[in-house]
Protein chains: 2
Amino acid sequence: MKPITLKDIAHELNISVTTVSKALKGYSDVSRVTKKAVKKMAKKLNYTPNSVAVNLRTQETKTIGVIIPAIVHHFFSNVIDGIIKEAKKQGYLVITLQSNEKLEFEKKQLKLLQQHRVDGILISLSNETYQFDHINAILQKNIPLVMFDKIGKLVNCSKILIDDKQAAYEAVSYLIDKGYKKIAHFRGALKPQNSIDRFLGYKKALQDNGIEYDQSLVYICDNNDDFNNGYKYAKKMFEQHKNVDAVFTVTDVVAYGILKYCNENNIKIPDDIAIFGFSNWFMSSIVTPKISSVIQPSFEMGKKATKLLIKEIKNKKSKTPVTFKKVVLPTSLAIREST
Amino acid sequence: MKPITLKDIAHELNISVTTVSKALKGYSDVSRVTKKAVKKMAKKLNYTPNSVAVNLRTQETKTIGVIIPAIVHHFFSNVIDGIIKEAKKQGYLVITLQSNEKLEFEKKQLKLLQQHRVDGILISLSNETYQFDHINAILQKNIPLVMFDKIGKLVNCSKILIDDKQAAYEAVSYLIDKGYKKIAHFRGALKPQNSIDRFLGYKKALQDNGIEYDQSLVYICDNNDDFNNGYKYAKKMFEQHKNVDAVFTVTDVVAYGILKYCNENNIKIPDDIAIFGFSNWFMSSIVTPKISSVIQPSFEMGKKATKLLIKEIKNKKSKTPVTFKKVVLPTSLAIREST
DNA sequence: TTGTACGCGTTATCAA
DNA sequence: TTGATAACGCGTACAA
């Protein structure tokens with residue numbers, strides 16, 4: 001049972017395909033009578049326009065492609081939520097692809113999206129991506145592309161992100177203002193920019209407040225098991241340092257690991273040690289004690305990135321000259337029981 | 001800068017479009033020489049085939065559509081992960097749409113997917129969906145559709161799900177075997193099938209083990225704030241019943257609420273009360289104490305559903321007669337410190 | 001007001 | 001071994 005086409009309707013009514021097409025799109029040069037008849041017949045046959053044909057004809061697919069490292073992630077699933085909702089509002093569909101933190105996959109997915117002629121692409125780079133030929137190739141083809149969260153600083157395109165350094169700076173400054181003096185940092189892997197920036201924010205906050213930076217207070221959580229990293233390094237930290245009074249972590253899950261260790265070893269939070277996380281996972285307001293955290297506007301980021309992208313798509317269509325934007329979304333601090 | 005087409009390559013080499021097409025697809029009736037030349041030129045011009053045109057020609061889009069209630073959800077994001085990965089493996093792209101638990105949206109999204117001529121559809125129904133005209137319309141058009149998790153029992157199509165009743169039965173039976181006697185149930189809303197089935201499993205386990213069912217031990221968590229429901233009804237339960245020794249919850253987040261209440265009120269888990277959750281959220285192995293939970297194979301469900309769907313797509317193409325399958329995935333129990 | 005003709009980029013058929 | 005032609009379904013400039 002093949003889908004109904006304009007031809008079927010035309011045939012049924014003994015008129016031309018053109019007239020049917022025009023009638024359905026409400027053109028003014030079709031008589032009311034035929035318009036009505038066409039619409040009625042379309043409904044009767046349960047006609048659904050074939051987007052593929054429209055796409056080919058109009059040279060746009062009303063589809064945007066998204067590449068993220070992984071969808072099973074509090075932050076990214078929220079971003080995707082924002083993307084899908086904004087796209088829907090503007091009549092676009094969303095194809096989601098994962099790079100799984102592999103540059104190789106990222107390249108493949110990018111090619112796939114190109115083949116499918118998506119109207120634009122949203123991408124958050126993999127941790128492996130330090131070279132941008134594949135991205136630049138897209139841009140050179142004049143395909144709208146917006147980077148979010150994990151961006152490439154050297155790439156010339158629109159970007160939307162948070163100021164990780166500043167956010168970390170604020171969190172650590174808050175700790176210092178609260179009177180904490182010996183503040184450890186459980187940082188992420190060495191290469192990702194987010195991880196670096198949060199570390200730099202931590203460091204700067206110390207320095208600006210006259211606290212000497214102590215490298216031995218920085219623990220690197222560089223495998224993918226954040227929770228166990230937190231637990232493991234908490235143990236190590238308490239063995240190595242007697243008087244640490246606060247920890248700032250690169251992400252909340254690391255903080256949960258620390259929390260676990262503290263609970264098990266009767267270390268009181270925040271009395272013995274304060275904990276400040278990053279990303280404000282849902283769980284942070286649920287665990288005992290509730291964990292303070294940096295609020296990243298994930299949903300908002302998805303929405304804004306999509307808005308920006310669709311704007312660029314439209315600019316391209318209307319041949320408006322491109323101007324790339326860099327949007328830095330504000331973060332804020334969720335202060336809870338742990339600090 | 002328009003994308004390169006076959007025509008461009010043909011023009012460049014002074015041969016026909018047909019030959020270029022054949023050469024690129026490795027047809028045997030093209031000379032080695034021209035094949036080489038064509039491929040070289042394609043690479044040089046950075047040719048990417050236009051899927052839209054291919055789609056129109058071949059009448060398939062190599063795309064599947066997915067409709068879920070919400071993507072920001074531990075279970076569903078895992079399902080989507082499974083879907084995307086399996087789809088990718090088989091050369092399909094995935095368009096994700098959300099119903100936000102609204103029947104109205106579900107209908108709209110279904111129509112959208114139809115317009116875009118996806119090759120097949122995966123759907124997990126909204127909580128509002130008790131009437132299936134929109135689904136049946138799709139099936140009547142012979143568009144492959146597979147339901148997962150939240151299915152409509154009355155719809156005649158392939159389904160993939162878990163046996164909620166059985167899973168709940170096993171969890172509660174485990175509690176009983178462990179010696180717990182007065183077991184409460186924090187159930188979900190009244191209408192969703194999952195919620196009903198889990199409740200029925202709870203009830204049956206009691207009855208099969210000679211424990212009288214006590215309706216006052218069942219609390220209904222029917223707004224969307226599971227965590228606070230858990231907290232709120234934990235308080236209520238402890239006020240109303242002195243000697244409850246275990247709780248089985250419809251989902252882990254409710255259990256976290258109970259946990260919170262217990263921690264705050266110095267109620268020992270599992271000594272004073274055991275807690276058994278459902279869905280095995282990531283956090284359940286992290287909180288203190290770790291919460292026992294029913295393991296739902298979410299990733300697996302996505303993968304299997306996609307496999308099934310693509311098989312149906314292929315059957316349709318090869319005109320193999322359709323046979324609908326109902327796959328029940330096994331669940332298991334993650335036994336932890338809370339029981 | 002209606003319809004003819006063409007093109008979007010590709011593939012399949014058939015003839016050369 | 002190659003290519004002309006038609007077709008997928010639709011939209012639009014133009015002619016009638």
Side-chain angles (χ1 to χ4, degrees), chain A residues 1-39 41-42 45-63 112 114-119 141 143 317, chain B residues 1-39 41-42 45-63 91 114-119 141 143 317:
Chain A
M1 207 178 45
K2 291 236 166 172
I4 304 298
T5 68
L6 292 183
K7 208 199 255 174
D8 297 322
I9 300 178
H11 189 75
E12 210 67 29
L13 296 172
N14 263 318
I15 56 176
S16 78
V17 171
T18 307
T19 308
V20 175
S21 172
K22 285 180 181 170
L24 287 176
K25 304 196 76 190
Y27 273 48
S28 57
D29 61 351
V30 181
S31 75
R32 250 153 263 148
V33 191
T34 40
K35 245 184 212 169
K36 214 170 222 171
V38 168
K39 285 186 177 165
M41 182 58 68
L45 298 180
N46 200 359
Y47 168 73
T48 337
N50 184 334
S51 295
V52 177
V54 177
N55 294 345
L56 184 59
R57 181 64 242 240
T58 59
Q59 298 287 61
E60 55 174 4
T61 55
K62 287 286 183 182
T63 302
L112 264 180
Q114 241 181 105
Q115 282 184 212
H116 270 256
R117 295 295 188 269
V118 294
D119 293 340
K141 293 189 181 180
I143 299 173
K317 233 177 21 182
Chain B
M1 208 177 49
K2 291 233 164 172
I4 304 298
T5 69
L6 292 181
K7 207 197 254 177
D8 297 322
I9 300 178
H11 188 77
E12 210 67 30
L13 296 171
N14 262 317
I15 55 176
S16 78
V17 171
T18 309
T19 306
V20 175
S21 172
K22 285 179 180 169
L24 286 177
K25 303 195 81 189
Y27 275 47
S28 59
D29 61 351
V30 181
S31 75
R32 248 153 264 148
V33 190
T34 39
K35 245 184 211 168
K36 214 170 223 171
V38 167
K39 286 187 177 164
M41 183 57 71
L45 298 180
N46 200 359
Y47 169 73
T48 337
N50 184 335
S51 295
V52 178
V54 177
N55 294 344
L56 182 60
R57 184 60 241 240
T58 60
Q59 298 287 59
E60 53 173 7
T61 56
K62 288 288 186 178
T63 302
Q114 242 184 103
Q115 281 183 213
H116 270 256
R117 294 295 187 269
V118 294
D119 293 340
K141 292 191 182 180
I143 299 173
K317 230 171 32 175

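What you are looking at is a predicted structure, and each value in this text was computed from that prediction instead of being measured.
In this structure a side-chain-to-backbone donor-acceptor pair under 3.5 Å is present from B:Ser51 to A:Gln115.
One atom, NE2 of B:His11, and another, C1' of C:dG9, lie 17 Å apart when rounded to the nearest Å. Rounding to whole angstrom units, CG of residue A:Asn55 and C1' of C:dT10 are separated by 15 Å. Distance B:Glu60 CD to C:dT10 P: 16 Å, rounded to the nearest Å. The distance between atom CG of A:Asn14 and atom C1' of C:dT2, rounded to the nearest whole Å, is 14 Å. Look at CD1 on B:Ile15: it is 14 Å from C1' on D:dA4, rounded to the nearest Å. Going from atom CD1 of B:Ile9 over to atom P of C:dG9 covers 13 Å, rounded to whole Å. The nearest whole Å value for the distance from the CG atom in A:Leu56 to the C1' atom in C:dC6 is 13 Å. Rounded to whole Å, the distance from CG on B:Leu24 to C1' on C:dT10 is 11 Å.
With sequence neighbours excluded, no residue forms a salt bridge (Lys or Arg N to Asp or Glu O under 4.0 Å) with A:Lys7. B:Lys317 meets the salt bridge (Lys or Arg N to Asp or Glu O under 4.0 Å) test with B:Glu60; sequence neighbours excluded. Judged as a salt bridge (Lys or Arg N to Asp or Glu O under 4.0 Å), and not counting sequence neighbours, B:Lys62 has no contacts.
A close approach under 4.0 Å does not occur between any side-chain nitrogen or oxygen of A:Thr34 and OP1 or OP2 of C:dT1. Regarding contacts with the backbone of D:dA7, every side-chain N or O of B:Gln59 stays at 4.0 angstrom or more from both OP1 and OP2. For the OP1/OP2 pair of D:dG3 and a distance below 4.0 Å, the side-chain nitrogens and oxygens of B:Ser16 include at least one atom meeting the criterion.
Residue pairs meeting the salt bridge (charged side-chain N to carboxylate O under 4.0 Å, His left out) criterion with at least one partner in residues 9-19 of chain B, sequence neighbours excluded, do not occur; the list is empty.
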Per-nucleotide protein contact string for nucleotides 10-16 of chain D, where B marks a base within reach and S marks sugar-phosphate only (heavy atoms under 4.0 Å, - for neither): BBBBB--
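Between the CG atom of B:Asn50 and the OG1 atom of B:Thr5 there is a distance of 9.0 Å, given to the nearest 0.5 Å.
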Kindly list each side-chain donor-acceptor pair under 3.5 angstrom involving residues 17-32 of chain A, sequence neighbours excluded, with atom names and distances?
residue	atom	partner	partner atom	Å
A:Thr19	OG1	A:Ser16	OG	3.0
A:Ser31	OG	A:Thr34	N	3.2
A:Ser31	OG	A:Thr34	OG1	2.7

